[in-house]
Amino acid sequence: MFEIQYQLRFQPPLRFLHASPTPSPAVLLLDLRFPCRRFSRVRCCSGGGNGGSAKPQQLQQRRAYPFDEIEPRWQRYWEENRTFRTPDEDLDMSKPKCYILDMFPYPSGAGLHVGHPLGYTATDILSRFKRMKGFNVLHPMGWDAFGLPAEQYAIETGTHPKVTTIRNIDRFRSQLKLLGFAYDWDREISTTDPEYYKWTQWIFLQLLKRGLAYQAEVPVNWCPALGTVLANEEIVDGVSERGGFPVIRKPMRQWMLKITSYSERLLEDLDDLDWPESIKEMQRNWIGRSEGAELEFHVIGSDGQERGIKLSVYTTRPDTIFGATYLVVAPEHISLASLVPKEQEKQVEEYKELAARKSELERTDLQKEKTGVFSGSYAKNPATGESIPIWIADYVLGSYGTGAIMAVPAHDSRDYEFAVKYDIPIIRVVEPAGTSSNLDGPYVDDGFVINSSNMSSGLNINGLTCKEAAMEVIDWLERTGHGSKKVNYKLRDWLFARQRYWGEPFPVIFLNETGELVPLPESQLPLTLPELDDFTPTGTGEPPLAKATTWVNTIDPISGKPARRETNTMPQWAGSCWYYLRFMDPKNSTAIVNKDKERYWSPVDIYVGGAEHSVLHLLYARFWHKVLYDIGVVSTIEPFQCLINQGLILGEVEYVAYRDAEGRLLSADSVSDVGEYALERIPVEKVTKAGDFYVLKDDPSIRLISRSYKMSKSRGNVINPDDVVSEYGADSLRLYEMFMGPLRDSKAWSTGGIEGVHRFLARIWRLVVGAPLPDGSYRKGTVVTDDKPTLEQLRALHKCIDKVSEEIQETRFNTGISAMMEFINAAYKWDNHPKPIMEAFILLLSPYAPHMAEELWFRLGHSSSLAYENFPEARTEYLKDSSIVLPVQINGKTRGTILVNEDCSEDEAFKLASLDEKLSKYLHGKAIKKRIYVPRRILNVILDQQKKLDFPVVLTCCCEEGN
């Protein structure tokens with residue numbers, strides 16, 4: 001007697017089509033009369049041995065479906081037919097529009113990794129969906145191509161940045177086309193193209209005309225050893241990334257943009273944007289609006305005499321003025337020299353030099369130890385009349401407020417740490433309501449004011465709440481002339497210059513005689529970069545462009561006088577501030593954008609990119625857009641109506657174990673902070689999951705650390721999308737990245753996960769095209785029928801349409817895919833697959849897996865692309881839930897339930913019961929005597945206890961998901 005083994009839960013009746021002699025193991029081909037429509041391999045097994053099994057290695061050599069033929073064919077078709085071109089001159093503007101934009105990439109030499117297509121796939125699905133919904137869709141791609149890496153590569157190799165940039169763009173473009181993205185490549189732009197940066201320079205001239213661009217002495221990152229200014233990303237721990245040389249902050253004349261003039265508008269207009277609240281809050285914090293007071297302290301010398309100098313400070317807590325026991329000025333404060341007597345100069349200069357080596361981020365780090373030096377001067381507190389010392393400390397920035405603060409150590413944690421360190425008096429002037437005033441450390445919350453009265457100054461705010469006291473102090477300051485109410489912003493003007501070659505040249509000159517700045521006439525734009533062979537820094541602080549003497553020395557086109565060009569270039573942010581406008585009208589040589597086209601396409605409806613650009617890029621683009629709005633170039637007050645930040649795709653999960661000094665493996669939950677341990681990477685095949693943790697297969701007592709890391713070359717966990725496409729196809733990569741989880745979440749890459757999605761696509765292929773022929777090829781057409789759809793089929797389809805449509809619009813792509821998987825599972829149970837049903841499903845699939853969808857659409861008899869077909873609409877009459885729970889009995893005893901339609905037939909009910917995991921075990925190998933079926937009430941299966949199947953089978957069906 002053989003034991004019956006089932007890999008799948010299909011039940012008899014089975015009709016044998018062929019069997020080799022038994023009892024030796026044999027491969028049988030069976031006709032599964034219910035829900036499968038193609039043959040399946042089955043092997044008979046005797047109790048021992050492993051003979052008779054099909055060779056899985058041979059079977060797996062065939063591709064699950066011929067994506068390697070399909071995808072290149074349809075990519076050629078789209079390119080040759082310009083399928084996704086958005087008409088320019090003949091656009092029907094009576095139709096609704098949808099402008100979907102990716103944050104365009106910097107084309108690095110490394111090319112794409114699998115994390116990059118996540119956002120691109122999302123926007124591609126949305127653009128295809130909107131196009132099929134009857135929208136005019138603008139979905140372009142371009143390159144933010146100026147930047148530091150190409151220039152650094154030029155310095156190292158002598159290769160011109162333009163050569164490197166073009167090569168990298170070609171690589172990126174080919175990778176994006178390989179993934180089947182529906183970009184309008186006719187609108188492709190690069191910020192390095194003179195015909196593009198002509199308009200970047202034009203915008204700069206408009207800023208200059210309106211007083212929004214100016215030059216000022218500002219501190220930059222200067223490396224004396226390298227003789228150059230460094231960008232922040234070129235500095236690591238206070239030294240240059242290249243060579244490890246010290247970097248200091250040194251004032252240099254730089255171009256600035258007056259973004260602070262737009263602070264209030266940038267803040268207010270955030271409210272109406274459909275952006276993640278976290279991103280809006282980050283922008284609000286960066287702008288940093290605060291209300292307070294600006295007040296003046298008279299400077300007093302060490303002899304107690306006023307020196308005729310006033311020091312202005314800004315505070316958000318005027319209610320604490322009686323607790324101000326010292327002032328702090330920034331090391332770069334403009335009046336510092338006048339505050340320092342001769343005997344203090346050496347100490348102050350030494351401290352300034354130390355502070356110059358720190359970045360603003362380091363200086364304002366709350367965790368770092370506070371440092372400072374006494375200036376040698378004092379100031380008179382206008383409220384108390386007492387003299388308080390003036391200190392110099394780097395935790396105050398010259399760029400914020402007035403560059404000076406009144407320090408209230410009892411109610412500010414930074415001031416408290418500083419006062420404790422330097423033994424400065426601490427006077428408490430606020431206490432919490434209903435609590436003893438005997439508190440340790442600073443009290444920084446609201447409360448009631450105490451110790452705040454002085455008859456001489458005429459100010460008494462004791463007993464008031466902090467808010468009331470602040471208003472009273474401001475009134476007193478304005479009455480007495482000591483200060484006034486003030487709104488302040490943390491936002492600083494934008495440093496808009498780089499000491500680099502590879503950037504947009506400034507369209508200005510300086511007259512040799514007077515140094516007067518002269519803007520170039522707009523007719524002379526673009527001012528192009530000169531050709532250079534040497535891109536290394538000059539060593540003097542001058543940019544590399546200073547070496548192009550024939551370019552630098554020029555003639556003023558208006559006066560004819562000798563002049564010099566600006567040798568700084570614009571920062572990389574410049575080109576990315578307005579590129580969304582150029583996509584609307586990329587070939588226009590007479591205007592930045594045609595007004596009618598701008599009015600039609602603005603604003604960008606959906607803007608997708610990483611959260612790392614949540615502040616600077618978006619803030620700068622919004623600033624430029626508002627300037628362009630003010631001068632009548634654009635018609636909307638904001639450029640990007642809806643913002644979506646996609647999450648990161650991390651590398652595959654890594655497993656790590658601890659080893660102690662003796663080389664023994666230790667469980668992660670038993671490792672203490674004390675002791676020395678070595679970390680050992682464990683291969684995934686040696687790992688298994690136990691509950692919520694991962695452990696060693698060979699020793700489950702050893703718990704491992706499991707973690708995913710951001711993809712990087714240094715970790716060796718970068719996945720190249722080209723390799724994935726080669727093995728699984730572009731549609732599999734697209735579908736998997738959407739199926740991994742919510743778009744906005746970060747998630748770990750899993751090769752096993754993409755294999756599952758690939759099998760799902762293969763199931764769709766076989767459902768429509770049929771099983772492969774004996775030589776591994778596929779028939780020309782399909783196995784779809786011309787039958788009229790059943791009510792069950794229509795309900796399954798329209799339920800899927802409804803779900804997929806909703807999930808695309810809400811960018812819940814993973815659950816949309818789940819709905820399609822449910823449909824395919826249901827479809828494999830049908831006896832036939834009517835053409836109207838399958839056509840509609842293929843249209844649903846097309847935004848996700850466009851190559852396969854196009855091929856299946858063509859095989860169904862259509863001669864043109866489905867890109868502009870109408871997206872299916874769900875019909876409400878098929879969405880009504882008519883399912884009921886039907887009890888199932890075996891030999892009169894209830895063994896479970898199944899979910900069926902109200903009008904379910906006896907055969908359909910039995911099929912569902914046969915497939916149910918719980919019920920199938922009662923039916924395996926059993927002969928059925930009869931079935932009793934009461935519609936909507938019960939199904940009772942009576943087994944024939946005298947008859948059993950007398951052979952074992954292991955059944956493998958191509959219809960089961962995952963095979």
Side-chain angles (χ1 to χ4, degrees), residues 70-71 74-75 77-79 81-87 91-102 120-141 179-185 187 600-601 604-606 608 642 644 730-731 734-735 738 743 761 764 768 797-813 815-817 819-820 823 835-876 878-879:
I70 295 169
E71 293 179 353
W74 286 102
Q75 287 164 15
Y77 176 92
W78 294 329
E79 185 159 1
N81 290 276
R82 299 162 75 197
T83 302
F84 307 112
R85 174 182 171 270
T86 302
L91 182 68
D92 180 4
M93 293 189 178
S94 65
K95 293 173 63 176
K97 67 91 179 179
C98 190
Y99 185 177
I100 301 172
L101 184 63
D102 298 291
Y120 303 154
T121 304
T123 58
D124 195 65
I125 291 170
L126 289 167
S127 67
R128 289 174 181 272
F129 173 75
K130 288 291 186 180
R131 194 178 288 113
M132 296 172 77
K133 282 287 191 178
F135 285 73
N136 285 329
V137 173
L138 183 57
H139 186 43
M141 176 51 74
L179 293 169
F181 294 135
Y183 292 122
D184 179 359
W185 289 106
R187 294 175 183 260
Y600 179 73
W601 287 115
V604 174
D605 296 286
I606 301 172
V608 178
C642 173
I644 298 173
D731 284 343
R734 292 167 58 106
L735 207 66
M738 294 298 96
L743 176 64
L761 287 174
I764 297 172
V768 178
L797 172 66
H798 285 270
K799 180 182 176 183
C800 185
I801 293 172
D802 184 57
K803 184 67 172 176
V804 171
S805 300
E806 178 185 350
E807 302 307 75
I808 289 178
Q809 293 185 87
E810 298 299 323
T811 65
R812 296 189 294 256
F813 304 111
T815 48
I817 295 170
M820 289 189 282
F823 173 85
K835 186 175 181 180
I837 297 291
M838 299 316 298
E839 282 185 330
F841 175 77
I842 288 164
L843 293 175
L844 287 184
L845 177 69
S846 64
Y848 290 88
H851 305 89
M852 174 180 280
E854 290 275 23
E855 179 70 14
L856 296 178
W857 187 252
F858 175 75
R859 283 169 172 263
L860 286 168
H862 301 278
S863 59
S864 59
S865 169
L866 53 64
Y868 292 89
E869 293 292 325
N870 291 328
F871 199 81
E873 296 282 348
R875 293 175 57 178
T876 54
Y878 297 123
L879 298 178

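FYI, side chains are in, hydrogens and waters are out, and symmetry mates aren't considered; it's all heavy atoms of this structure. Throughout, residue positions are numbered sequentially from 1 according to the sequence presented.
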Report yes or no: does [X] contribute a side-chain atom to a donor-acceptor pair with the main-chain N or O of [Y] at less than 3.5 Å?
X      : Y      : answer
Lys97  : Trp601 : yes
Thr123 : Leu101 : no
His798 : Leu879 : no
Glu854 : Leu866 : yes
Tyr99  : Tyr600 : no
Ser805 : Asp802 : no
Asp184 : His139 : no
Arg734 : Pro847 : yes
Glu71  : Ala730 : yes

- Query: In this structure, are over 12 heavy atoms from other groups packed under 6.0 Å from Glu79 atom CD?
  - Reply: no
- Item | Phe135 atom CZ, neighbour heavy-atom count above 12 within 6.0 Å | yes
- Item | Separation between CG of Leu761 and CD1 of Ile70, rounded to the nearest 0.5 Å | 9.5 Å
- Rounded distance (nearest 0.5 Å) linking atom CZ of Phe813 with atom CG of Leu743: 6.0 Å
- Task: Compare all side-chain heavy atoms of Asp731 with those of Pro850 and state whether any distance is below 4.5 angstrom.
- Result: yes
- Query: Heavy-atom distance under 4.5 Å between the side chains of Asp605 and Lys130, does that happen here?
  - Reply: no
- Under 30°, 30 to 60°, or over 60°: which ring-plane class applies to Trp185 and Tyr183, parallel, tilted or perpendicular? perpendicular
- Taking the inter-plane angle between the rings of Phe823 and Phe841 on a 0 to 90° scale, is it parallel (under 30°), tilted (30 to 60°) or perpendicular (over 60°)? parallel
- Message: Would you say the ring centers of His862 and Trp857 fall short of 6.0 Å from each other?
- Response: yes
- Message: Do the side chains of Asp92 and Lys95 get close enough for a salt bridge, i.e. N-O under 4.0 angstrom?
- Response: no
- Query: Where is the tightest heavy-atom contact between Gly180 and Asp124, given as atom of each residue plus distance?
  - Reply: O-OD2, 3.9 Å
